[in-house]
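Okay, structure first, notes after.
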Number of protein chains: 2
Amino acid sequence: MINRDSQQEQGTAERIRDAAAALFRENGFNGTSMQALATAVGVTKSSLYHHYPSKQALLAAIIEVTMSRVTPLVREIAESDLSASLRLHRALELHTVESIRERDHVACFREESRYLSPDFMATHRQKRDEYEVLFRQTVEEGIDNGEFLAQDPALATMALLGMCDSVIRRYRPAGRHTPDEIALAFADTALRGLGTPAAAGVATGEAAR
Amino acid sequence: MINRDSQQEQGTAERIRDAAAALFRENGFNGTSMQALATAVGVTKSSLYHHYPSKQALLAAIIEVTMSRVTPLVREIAESDLSASLRLHRALELHTVESIRERDHVACFREESRYLSPDFMATHRQKRDEYEVLFRQTVEEGIDNGEFLAQDPALATMALLGMCDSVIRRYRPAGRHTPDEIALAFADTALRGLGTPAAAGVATGEAAR
DNA sequence: GTCTATAGGCGGATAGAC
DNA sequence: GTCTATCCGCCTATAGAC
């Protein structure tokens, strides 16, 4: 689980994407100029346009790459044979830990995607909905089979994802907790938040380990 | 509690602020030009500079006005004599309902404040911390007196505020729920998320009414 | 695949008349 | 308090040499 061994030999397109993600997160999409990006990468502005046809396409690529990596991982959990509580707990834990570790890219997804032009936006919205429905379905299942309290599943899913997404801005590397600890605490809080009609300590992180 | 009767006779400075808040939320601070704002208000660019010395100062004013209105309301709840559970529940409910009703202004506070220049930012950070500490202290108190499970109060507060803040982007006026319903559901979820060592249904929204 | 040079427009902000 | 006119810099993007 070491962070990408192949970083030593990273293509220019990838280096541009990573630098752009960091700058977009830090200064916003509209607050980042192609000149500033070029300087950060160590090339000229023109070179950027050799790898990406436009600033918009670059943002779309950043979002697409991370979505394509994480969605299958969440899908595998969501479609496994575990209880809804356990699946949701693990999916939220994964979601949160990825949001911290890859927060530059995830910030582009959650905060900067709104600046995509209509054509890029259409594709993005579709993938985003595919991703979020994995969580919502699990919540619905848990409500239907009595693992969670009766409640609006859309509203509950919105609340839980919103909670976990907040780490993008609120997490500080200098803080007292590791990403894994934070993800566990958030997933525990989320599961408790859904409520368990049977008061047994079902599927808290501690019970699951 | 009707929404500002005096809206009929609103000064130009206020009209500029409201239009700017809406545009900043929709297109971002850096995605909104002073020309676009002037057009929206129905004046020329130059007139804007008669009321606000810079675009930065305008953003700072938008944030300041809403903060100054909501903070005392939360403070009153946080410093009341109720149990920590009830105080937190009511404070989160207020926070959430205001985030929905005044989402243009709150979005400027939560999402666009990062574009403030250092001097404006210093003031902003101070007021933001004063606001959030009201929630954190209540969480701490509830943990200390056994109303909530033992946990890191900073982390828990971050999670709950992050959850409630998500309505800024995820709330849709066309949805099935009123702002009050959403705020109640979120506050209930938040309180459950903190956990109650004594399993009694303490301070859920239903119990509190 | 990277560079220099430049197009062409829009950005925030100001001067000064009325 | 609102206007017209304007400054000047930076923006995305392109042309074309090496």
Side-chain angles (χ1 to χ4, degrees), chain A residues 6-63 108 112-121 124, chain B residues 6 8-63 108 111-121 124:
Chain A
S6 56
Q7 210 169 26
Q8 43 190 15
E9 270 273 51
Q10 206 183 6
T12 309
E14 282 81 11
R15 288 199 301 125
I16 291 173
R17 269 209 318 265
D18 287 351
L23 287 172
F24 289 168
R25 172 170 183 277
E26 186 67 21
N27 309 116
F29 178 72
N30 286 317
T32 303
S33 71
M34 292 297 267
Q35 180 56 66
L37 174 57
T39 303
V41 178
V43 296
T44 59
K45 234 185 344 174
S46 292
S47 294
L48 302 179
Y49 286 94
H50 176 75
H51 296 279
Y52 298 95
S54 69
K55 198 183 172 187
Q56 287 272 338
L58 170 55
L59 174 57
I62 292 168
I63 294 170
C108 289
E112 307 302 325
S113 63
R114 56 196 266 241
Y115 301 117
L116 287 172
S117 52
D119 42 332
F120 285 115
M121 182 59 96
H124 164 70
Chain B
S6 57
Q8 45 190 15
E9 269 273 52
Q10 205 182 8
T12 308
E14 283 80 11
R15 288 198 301 125
I16 291 172
R17 270 208 317 266
D18 286 351
L23 286 172
F24 289 168
R25 172 169 183 275
E26 185 67 20
N27 309 116
F29 178 72
N30 286 317
T32 303
S33 69
M34 292 299 267
Q35 180 56 67
L37 174 57
T39 303
V41 178
V43 295
T44 60
K45 230 184 348 171
S46 293
S47 293
L48 303 178
Y49 286 94
H50 176 76
H51 297 278
Y52 297 96
S54 68
K55 197 184 172 186
Q56 287 272 337
L58 171 54
L59 174 58
I62 292 169
I63 294 170
C108 289
E111 302 178 342
E112 308 302 324
S113 63
R114 57 197 263 244
Y115 301 116
L116 288 171
S117 51
D119 43 332
F120 286 116
M121 181 59 95
H124 165 68

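Values reported hereafter were calculated over all heavy atoms of this structure, with side chains retained and with hydrogens, waters and symmetry mates removed. Here is the naming used below: chain letters follow the sequence lines, and residue numbers restart at 1 for every chain.
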Nucleotide C:dA5, atom C1' - distance to CD of A:Q35 in whole Å: 13 Å

When rounded to the nearest 0.5 angstrom, what distance separates CE in A:M34 from CG in A:L23? 11.5 Å

Could you check how far CG of A:N30 sits from C1' of C:dG12, rounded to whole Å? 15 Å

Side chain of A:S46, heavy atoms from C-beta onward: which of C:dA15, C:dG12, C:dA5 has the nearest atom to it? C:dA5

Using heavy-atom distances to pick each residue's nearest nucleotide on DNA chain C, tell me which of A:H50 and A:K45 is more 5'. A:H50

CG of B:L59 to OG of B:S117, rounded to nearest 0.5 Å, is 9.0 Å

Please compare B:H51 and A:S54 by the position of their nearest nucleotide in DNA chain D and report the one closer to 5'. B:H51

What distance separates A:N30 CG from A:E112 CD, expressed to the nearest 0.5 Å? 8.0 Å

Here the distance between atom C1' of C:dC10 and atom CG of B:L37, to the nearest Å, is 16 Å

Contact interval (first through last nucleotide) of DNA chain D with protein chain B, 4.0 Å heavy-atom: D:dG1 to D:dA5

Sequence neighbours excluded, the answer for salt bridge (charged side-chain N to carboxylate O under 4.0 Å, His left out) partners of B:R15 is none

Provide, to the nearest angstrom, the distance between the OH atom belonging to A:Y49 and the P atom belonging to C:dT4. 16 Å

In Å, rounded to the nearest 0.5 Å, how long is the span from CD1 of A:I63 to CG of A:L116? 4.5 Å

For B:T44, which contact category applies under a 4.0 Å heavy-atom criterion: base, sugar-phosphate, or nothing? base

Would you call the rings of B:F24 and B:F29 parallel, tilted or perpendicular, taking 30° and 60° as the class edges? perpendicular

